[in-house]
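I have placed the structure first, in the form of structure tokens, so that the comments after it can refer back to it.
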Protein chains: 2
Amino acid sequence: MPNKSIHTKLTKNEEDYLKALFHLLSEAGDNKVGTNQLAEYMGISPASVSGMLKKMKTKDLVASERYGKLDLTEEGTAIAVQLIRKHRLWETFLYTHMNFTWDEVHEVAEQLEHIKSTKLIAELDKFLGHPKRDPHGAVIPNAEGEYQLLPKITLAQLEAGDRCRLVSVKDSSVAFLQYVSRLGLALSSEIQIREIEAFDGSVTISFDNKEINVSKKFVDNVFVEKI
Amino acid sequence: MPNKSIHTKLTKNEEDYLKALFHLLSEAGDNKVGTNQLAEYMGISPASVSGMLKKMKTKDLVASERYGKLDLTEEGTAIAVQLIRKHRLWETFLYTHMNFTWDEVHEVAEQLEHIKSTKLIAELDKFLGHPKRDPHGAVIPNAEGEYQLLPKITLAQLEAGDRCRLVSVKDSSVAFLQYVSRLGLALSSEIQIREIEAFDGSVTISFDNKEINVSKKFVDNVFVEKI
DNA sequence: TACATAAATTAGGCATGCCTAACAAATCAA
DNA sequence: TTGATTTGTTAGGCATGCCTAATTTATGTA
């Protein structure tokens with residue numbers, strides 16, 4: 001008999017570690033993800049991370065050798081993906097049925113994702129019509145943990161004259177999301193690149209008959225698909 | 001300026017104490033509610049309760065003198081009522097939109113009630129159409145913490161020949177709720193008292209053209225209104 | 001190669017909230 | 001009124017998960 005899933009036995013904190021580590025690993029590619037990095041991302045001290053990871057290794061959620069690069073086990077990855085599924089389904093619910101705005105959903109979804117009920121998530125998914133994307137455009141993994149990787153093209157990678165559609169954002173901080181909203185941009189917005197400033201990488205874009213200039217940092221954080 | 005609400009600063013455990021104490025105080029009337037009783041109800045040791053209550057007294061949530069009867073402060077009561085509101089709104093949501101059954105809602109609502117978001121509760125309430133009763137027939141307090149006390153008449157207080165409607169249940173344990181469902185009873189079921197057995201207090205009731213005999217313990221746990 | 005720096009771990013503490021065991025206060029009954 | 005029983009509190013421990021400080025290992029550079 002295969003291992004009975006231990007999904008329901010994890011603490012909120014253990015779940016947060018899995019999510020954080022999964023996120024860093026996704027972004028890092030083949031680069032090393034280390035204790036300090038994880039600590040910084042979670043806003044806690046490296047020593048705390050060391051201690052917690054030690055415990056999680058004995059639970060077979062995290063894999064790494066002493067002083068080596070961090071990694072998730074298959075089990076750890078699977079749980080992390082389910083947490084992301086839950087998070088994004090809740091975000092969708094808050095956005096589509098609870099009148100939450102783009103930038104409000106994250107904080108509450110962060111709490112809701114820790115609710116333990118397989119049935120609830122299955123029903124929520126059904127209720128929402130099995131959505132494929134959350135309000136930020138991020139792909140929602142299915143119940144089996146399968147999900148499609150987005151081609152990661154940012155606004156920064158386009159050239160003057162290119163046209164594209166906004167599909168998601170890299171940074172989900174409230175400050176960034178509110179800025180995006182204030183500009184008048186939303187998911188599926190059609191954008192055209194007008195001009196790229198060689199000096200500082202800032203870009204002039206146009207959409208909805210407006211034309212504005214945005215920073216290098218901004219265009220690095222917006223994922224698009226060319227049209 | 002009145003005290004800024006500390007609702008959002010409480011831990012899950014503190015909230016559970018408030019709920020438990022509120023529940024016992026409601027049932028006790030003027031009788032003393034003590035440490036042992038609270039401990040038993042929460043399934044923990046009296047010593048743990050002593051320790052926790054000590055802390056909660058300093059936070060002005062609980063009032064009582066050393067070795068005296070327990071009570072909630074106004075603040076503590078207000079928070080407890082809001083927790084009950086949240087619990088019952090979530091139960092309603094699970095029942096009406098997530099296909100949960102009568103006996104499944106409690107456990108998950110127990111988790112959901114600890115989610116911190118004033119906006120979410122306001123929106124949920126609106127989404128559900130400002131329901132007055134939860135799936136067990138219990139009254140849902142409004143956002144101001146006001147709620148109507150049910151006249152507490154149980155099946156046991158009726159006499160042979162009386163007719164009534166089921167409005168709620170006292171005990172929300174899964175075992176009891178499943179038993180009620182299995183009998184074919186639900187909220188608003190019309191029941192007539194056929195016969196009361198003097199020997200053991202068991203009662204023969206009829207509803208939906210069925211006639212069954214139920215125990216004293218059963219009729220003590222079912223709230224009804226006469227019709 | 002050897003030292004300086006950066007990264008990771010261990011050691012020792014603290015807060016929360018649980019436990020058992022020991023003790024103190026209150027209550028009931030003879 | 002005093003002794004026995006019940007109820008409540010304190011004392012001392014444990015697990016979780018955080019912290020800072022000290023130490024160990026790894027790495028990069030002269």
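In what follows, chains are A, B, ... by sequence order, proteins preceding strands, each numbered from 1. Just so it is clear, the structure is predicted and the values come from calculations on it, not from any experiment.
Checking A:T11 against A:N13 by side-chain atom types alone, no donor-acceptor pair falls below 3.5 Å. A donor atom on one side chain and an acceptor atom on the other are not found under 3.5 Å apart for A:N142 and A:H130. A donor atom on one side chain and an acceptor atom on the other are not found under 3.5 Å apart for A:T77 and A:E74.
Atom pair B:M52:CE and C:dC19:P shows a separation of 12 Å (rounding to whole Å applied). Put simply, CG on B:D16 is 14 Å from C1' on C:dC18, counting in whole angstrom units. Between A:L10 atom CG and D:dT16 atom C1' the separation is 14 Å, expressed in whole Å. We find that CD of A:E65 is positioned 11 Å from P of C:dT9, with the value rounded to whole Å. In this structure, the CG atom of A:L70 is 13 Å from the P atom of C:dA7, given to the nearest Å. The interatomic distance linking A:N13 (CG) with D:dA15 (C1') rounds to 13 Å, in whole Å. Rounded to an integer number of Å, the gap from CG of A:L53 to P of D:dC18 is 10 Å. Rounded to an integer number of Å, the gap from A:K9 NZ to D:dT16 C1' is 17 Å.
The side chain of A:Y17 contributes an N or O atom lying less than 4.0 Å from OP1 or OP2 of D:dC18. Dashed line: the shortest gap from a side-chain N or O of A:K54 to OP1 or OP2 of C:dT10 is under 4.0 Å.
With C:dT10, D:dT9, D:dT10 as the choices, the nucleotide that has an atom nearest any side-chain atom of A:S50 turns out to be C:dT10. Nearest to the side-chain atoms of B:R66 among the listed nucleotides D:dT25, C:dC18, D:dT10 stands D:dT10. Across C:dT9, D:dT20, D:dT9, the shortest atom-to-atom separation from the side chain of A:Y67 is found for C:dT9.
Under the ring pair (Phe, Tyr, Trp, His ring centres under 6.0 Å) criterion, the residue pairs touching residues 20-70 of chain B are B:H23-B:Y41, with sequence neighbours excluded.
Against DNA chain D, the stretch residues 29-45 of chain B makes heavy-atom approaches under 4.0 Å through B:K32, B:G34, B:T35, B:N36.
A salt bridge does not link B:R88 to B:E91: none of the charged nitrogens lies less than 4.0 Å from a carboxylate oxygen. B:E15 and B:K116 are joined by a salt bridge, as a carboxylate oxygen and a charged side-chain nitrogen come within less than 4.0 angstrom of each other.
Of all heavy-atom pairs spanning B:E113 and B:D16, the tightest one is OE2-OD1, 4.1 Å.
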